There are 2 protein chains.
Amino acid sequence: MNRGTRWRPSSGRERGAAISDLTAQRLSIYLRCLDDLQKAGVRTVSSQSLADRFQLNSAQIRKDLACFGEFGIRGVGYVVADLRENLTRILGLTRNRNVAILGAGNLGMALADYGGFNREGFRIVALFDKDRRKIGRVSRGGVPILDVRRLAEVVRRERVSIAVLAVPAEAAQPLFDRAARAGIKAVLNFAPTRLKGRSGVTLKVVDLKIQLENLAFHLARAEGP
Amino acid sequence: MNRGTRWRPSSGRERGAAISDLTAQRLSIYLRCLDDLQKAGVRTVSSQSLADRFQLNSAQIRKDLACFGEFGIRGVGYVVADLRENLTRILGLTRNRNVAILGAGNLGMALADYGGFNREGFRIVALFDKDRRKIGRVSRGGVPILDVRRLAEVVRRERVSIAVLAVPAEAAQPLFDRAARAGIKAVLNFAPTRLKGRSGVTLKVVDLKIQLENLAFHLARAEGP
DNA sequence: ATGTGTGAAGTGCTTCACAGCG
DNA sequence: CGCTGTGAAGCACTTCACACAT
């Protein structure tokens, strides 16, 4: 990448090269670390010292960052404030994102009030459910529970781009399709089922059941035959 | 694997070959599908028809399964009931596992009552917290909230092997270490922080913040410069 | 001297393609 | 014939190692 002609870091706009999902996830980790460093008053940081914090290779960090431009200073490292700003922009955290949570059960309600989801850059607009008894109420944190039939309307009016699916497995696929039709562009699926995605909608899965079973698998192996 | 000498499927015990984490996760997916098939009364299934359900390659499924023995019948496929039983055993879901949830906040409480976590094979024993006002109460589903200082005692007495970390980032590392010392052998970390693990303790991460930011990243790219 | 940016090598996962069993 | 089990090829991600900028 960027072979031959020098690349203008000032352009602030990376090429459309495909970025691996793993790289993208690490960018979030770097950003989190840079937040801490900035709070601690650290001015510059090297890829090596970043790598030491998590168990990562310094070359990997440099490669990840190099995908988007030349942010480092040879012989010095990266300027914390600058890199932080760049990563924030690259991750698309400068503009605010509105989020809808589909399913006002235990998990949905908890996610609506969960601090980690209300981080700067994200705003939980509403919970949606089909249960009459829940509609009209609010979560403990004050997020309103709306009728799922109003989804398309709210998505359009509030410019919701992200949906979090927190419903039982059976309800997941139809709701996903409904959300996609409503104009949702990214979905985080907590339902324990494999969804059939569609182009134009990014789909990520957090399958708690599989994670737990995975732990059981490792335990079984560790305990031996 | 198993080249030369034929391998006895009847032994029911796989070699100690290293199994990739990705493979292990797919085993859970297969098992879930087999549950459905068995309920639907299907007798046998081919790797191809399994592959069609999720977007997977049939060779991958065969390879995944072949790691643990020869479960298939050439020209026919896999006998649903048999494969299901084998996968259940391989994933260590025959014996019951006791689980402790550390942190009785929004997320911890929701996870304690979440259906997906109380699946056959797992039992949520208790929530643990340090907040006096929470200790002694129970979750809506009836899971008791105990003083975190009693963790080691309960882990020993109730044979808890899995802990779910649902606490703020700052509290995660000390609690993880405490759990490890108490005899916990597997940890599922929801705290938005990179933990320093230790040998003998399996550590899996579910970082909701990173997942959300990842969606934002894809949105930002899709929307273009 | 120090630490980035990056080809090249290394490693591991996925897919192909086919021998061979039922 | 149909489908598994599996070497080999393909592809992707990681790590190495060093030229080169400051």
Side-chain angles (χ1 to χ4, degrees), chain A residues 1-9 14-15 17-27 29-30 34 37 42-80 82-83 86-87 214, chain B residues 1-9 14-15 17-27 29-30 34 37 42-80 82-83 86-87 214:
Chain A
M1 191 168 287
N2 301 335
R3 198 178 22 203
T5 35
R6 160 95 25 246
W7 208 69
R8 298 153 301 146
E14 61 275 4
R15 287 292 127 262
I19 302 298
S20 122
D21 227 62
L22 294 163
T23 295
Q25 262 169 256
R26 281 192 299 267
L27 294 183
I29 297 176
Y30 304 154
L34 289 166
L37 288 174
V42 179
R43 289 284 178 80
T44 66
V45 65
S46 70
S47 61
Q48 186 57 58
S49 72
L50 273 174
D52 292 343
R53 309 218 163 208
F54 349 96
Q55 51 275 46
L56 286 176
N57 182 291
S58 66
Q60 177 152 74
I61 296 178
R62 294 197 297 278
K63 269 226 158 88
D64 285 343
L65 298 177
C67 288
F68 302 94
E70 302 205 351
F71 301 127
I73 303 167
R74 295 176 188 223
V76 178
Y78 301 88
V79 176
V80 172
D82 291 357
L83 186 54
N86 274 309
L87 285 183
N214 201 256
Chain B
M1 190 169 288
N2 301 334
R3 199 178 22 205
T5 36
R6 158 101 19 248
W7 207 66
R8 298 154 301 145
E14 60 275 5
R15 289 292 127 262
I19 303 297
S20 123
D21 227 63
L22 294 163
T23 295
Q25 262 170 257
R26 282 191 300 265
L27 293 183
I29 297 175
Y30 305 153
L34 290 166
L37 289 172
V42 178
R43 289 284 176 80
T44 66
V45 66
S46 70
S47 61
Q48 186 57 57
S49 72
L50 273 175
D52 291 343
R53 310 217 162 208
F54 349 96
Q55 52 274 46
L56 285 176
N57 183 291
S58 66
Q60 178 153 73
I61 296 179
R62 294 198 297 277
K63 268 224 159 87
D64 285 343
L65 299 176
C67 288
F68 302 94
E70 303 204 351
F71 301 128
I73 303 167
R74 292 168 193 231
V76 177
Y78 300 88
V79 176
V80 172
D82 290 358
L83 186 55
N86 274 310
L87 285 183
N214 202 256

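In what follows, chains are A, B, ... by sequence order, proteins preceding strands, each numbered from 1. Everything numeric here is computed off the predicted structure, so don't read it as measured data.
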Subject >> Shortest side-chain distance from A:Ser46, nucleotide among D:dC13, C:dG3, D:dT15 >> reply: C:dG3

Subject >> Residue whose closest nucleotide on DNA chain D lies nearer the 5' end, A:Gly75 versus A:Asp21 >> reply: A:Asp21

Original post:
Under 3.5 Å, is there a donor-acceptor pair linking the side chains of B:Arg53 and B:Ser49?
Top reply: no

Original post:
Between C:dT15 atom P and B:Leu56 atom CG, what is the distance in whole Å?
Top reply: 8 Å

Subject >> For atom CZ of A:Phe68 and atom C1' of C:dG5, their distance in whole Å >> reply: 15 Å

Subject >> Where A:Asn214 and B:Gln25 come nearest, the two heavy atoms and their spacing >> reply: ND2-N, 3.7 Å

**OP:** Grab the two heavy atoms, one from B:Leu56 and one from B:Tyr30, that are nearest each other, plus how far apart they are.
**Re:** CD1-CE2, 4.0 Å

Original post:
CZ of A:Phe71 versus P of C:dT4: gap in Å, rounded?
Top reply: 14 Å

Subject >> Toward the 5' end of DNA chain C, by each residue's nearest nucleotide, A:Lys63 or A:Val76 >> reply: A:Val76

**OP:** Taking only the side-chain nitrogens and oxygens of A:Ser47, find out if one of them lies under 4.0 Å from OP1 or OP2 of C:dT4.
**Re:** yes

Subject >> Nucleotide nearest A:Leu22 when distance is taken to its side chain, options C:dG5, C:dC16, D:dT14 >> reply: D:dT14

**OP:** Let me know the distance between CD1 of B:Ile19 and C1' of C:dC13, rounded to the nearest Å.
**Re:** 13 Å

Original post:
Tell me: CG of B:Asp52 to C1' of D:dC3, nearest whole Å?
Top reply: 14 Å

Original post:
Just checking, any donor-acceptor pair under 3.5 angstrom between side chains of A:Asp64 and A:Gln60?
Top reply: no

Original post:
For D:dC1, does OP1 or OP2 lie under 4.0 Å from any side-chain N or O of B:Arg74?
Top reply: no

**OP:** Report the distance from atom OH of A:Tyr78 to atom P of D:dA21, rounded to the nearest whole Å.
**Re:** 16 Å

Subject >> Whole angstrom value for the distance that separates C1' of C:dT15 from CD of B:Gln48 >> reply: 12 Å

Original post:
Taking all atoms of both residues into account, what is the closest heavy-atom pair of A:Asn57 and A:Ala51, and its distance?
Top reply: C-CB, 4.0 Å

Original post:
Taking the side chain of A:Arg62 as heavy atoms from C-beta outward, which of D:dC16, C:dC13, C:dT4 is closest to it?
Top reply: C:dT4

Original post:
How close or far is atom P of D:dA9 from atom CD of B:Gln60, stated in whole angstroms?
Top reply: 20 Å

Subject >> Side chain of B:Ala66 - closest among D:dT4, D:dC18, D:dT6 >> reply: D:dT6

Original post:
Starting at the 5' end of DNA chain D and moving along, which residue's nearest nucleotide shows up first, A:Thr23 or A:Ile73?
Top reply: A:Thr23

